[in-house]
Amino acid sequence: MTAAKTVLSAQEIGRTLARMAHEITEKNPDCSQIILVGIITRGVPLARRLADKIKTITGVDVPHGSLDITFYRDDIQSKGPDLNAGRTDINHDINGKTLILVDDVLFTGRSIRAAIDAVMDIGRPGRIQLAVLLDRGHRELPIRPDYIGKNIPTARGERVRVKLSETDGEDHASVVEGG
Amino acid sequence: MDTVEKKFRGRHLLKISDLTADEIMGLLNTAYKFKDVSEREIKKVPTLRGKTIVSLFYEASTRTRTSFEIAGKRLSADVINISTSSSSVTKGETFKDTVLNIAAMKPDAIVVRHPSPGAPAYAARIAGCSVINGGDGANAHPTQALLDLMTIHEKKGGVEDLKVAIVGDILHSRVARSNINALKMFGAEVTVCAPPTLLPHGVGALGVKVTHNIHEAVADKDVVMMLRIQTERMQQGLFPSLREYSEHFCLSAKVLKSARPDVLIMHPGPINRGVEIASDVADGPYSLILSQVTHGVAMRMAVLYLLCGGAES
């Protein structure tokens, strides 16, 4: 087993999300037009936390939801079917709104491509922005995040593990060599 | 779960026991997500883009064939329906040759309905692609049992320890056989009810209770499934007349009084109003008959996704 290198502690994750929430409010002066949509699994609690922080900053209740991309993936052919799809739950009209996709790690960009397609089948947002806690590079598609918690240089074979208290019992992000 | 799905690739769905309990739970989870898709304005996902599904039906069908077609199309697959009455089967082409010729056009799955038990299993041996049993004689109808399971699961939150009565022409019913297998797999208690002539010999060996009295069958049940009298499969008089059958075995509002207050009434369709089920019961508040049809699309989407979603290993 190889050693894990911490890239964000629990405290740093909290501070990083607070900064990202500020950036979101700066870029979107009218917060009432925002919908935060977390990509299942770990994007969902991150979207909820960002919504909480935006509420603290602006007093605006920003709606948040979850998006499952299982049926939109481009690797179904090679990986086979996955019977554990989560539930897409966006209880708001997204038409014309600024929809901010939220995910824990941005890597090849393929999940985000799938997420954009999934969103377009639900409605027609005015614009889509992207917020990620960690950007580890190695993009395979022309996708660029609008809000980045932290850039971390990684080797392709390394694995980035994000743990969140809601899903994993603790807040912690690390890079594991040679995964 | 990963290994479970990989194992299924290139496999067939001919009967309920082709699936493990884990796989069925996975299909339920997936079917609920596809039900959400069917409620959107854009009722389509790109999941099976580039896949081809052929349905080959040697018997009449409204629900099964249409829902397989809609299911495939909502997954972005191309779906072609062959009904034997308008195919070369009328020119004397055998079942074997028909299957081989369809297979030569390289579909990813063939849905087969046939009056002879075992016909889909035979197709599975020669087709070289996934074969789904859409009903074979009195043998099996696995996707019906799966959608029935989903309908019960959605309303009751589970199936374990539920008391289920299946009433009607058990002898000729593939739906009854597949449902008994599926319900027993998840720990339901199943009672079958029919006149003795419409029960298969040794039905008790399936692990079900048997009664010939509909009042007894319905009493205290969580779910009552009614079955149609399949006159097209009957060679001699198994009961004096439909009217007399109906006198004793029709699910009327009066019979229903002895059931639980939250009873679910199900029927795989087509229903014969006034024969096995009274109109006011079929259209009444306990009836889930149309819910079953809605779930048919969602569950068949899940089945097609499981069978066609991925390369053969």
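FYI, side chains are in, hydrogens and waters are out, and symmetry mates aren't considered; it's all heavy atoms of this structure. Note on naming: letters A, B, ... go to the chains in the order of the sequence lines (proteins, then strands), and numbering restarts at 1 for each one.
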- Message: Tell me whether the rings of B/Tyr305 and B/Phe34 are parallel (<30°), tilted (30 to 60°) or perpendicular (>60°).
- Response: perpendicular

- Query: Quick one: what part of B/Lys43 sits under 4.5 Å from any heavy atom of chain A, side chain, backbone, both or neither?
  - Reply: neither

- Message: Looking only at heavy atoms and a cut-off of under 4.5 Å, which of B/Leu48, B/Leu27, B/Val37, B/Asp36 has the most pairs with chain A?
- Response: B/Asp36

- Message: Would B/Arg113 pass as a cation-pi partner of B/Phe57, given that its NZ or CZ must be under 6.0 Å from the six-membered ring centre and within 45 degrees of the axis?
- Response: no

- Query: Does A/Asp75 pair with A/Arg110 as a salt bridge, N-O distance under 4.0 Å?
  - Reply: no

- Under 4.0 Å between a Lys/Arg side-chain N and an Asp/Glu carboxylate O for A/Lys27 and A/Glu23? no

- Task: Pick whichever of B/Arg49, B/Lys44, B/Arg40 has the most heavy-atom pairs under 4.5 Å with chain A.
- Result: B/Arg40

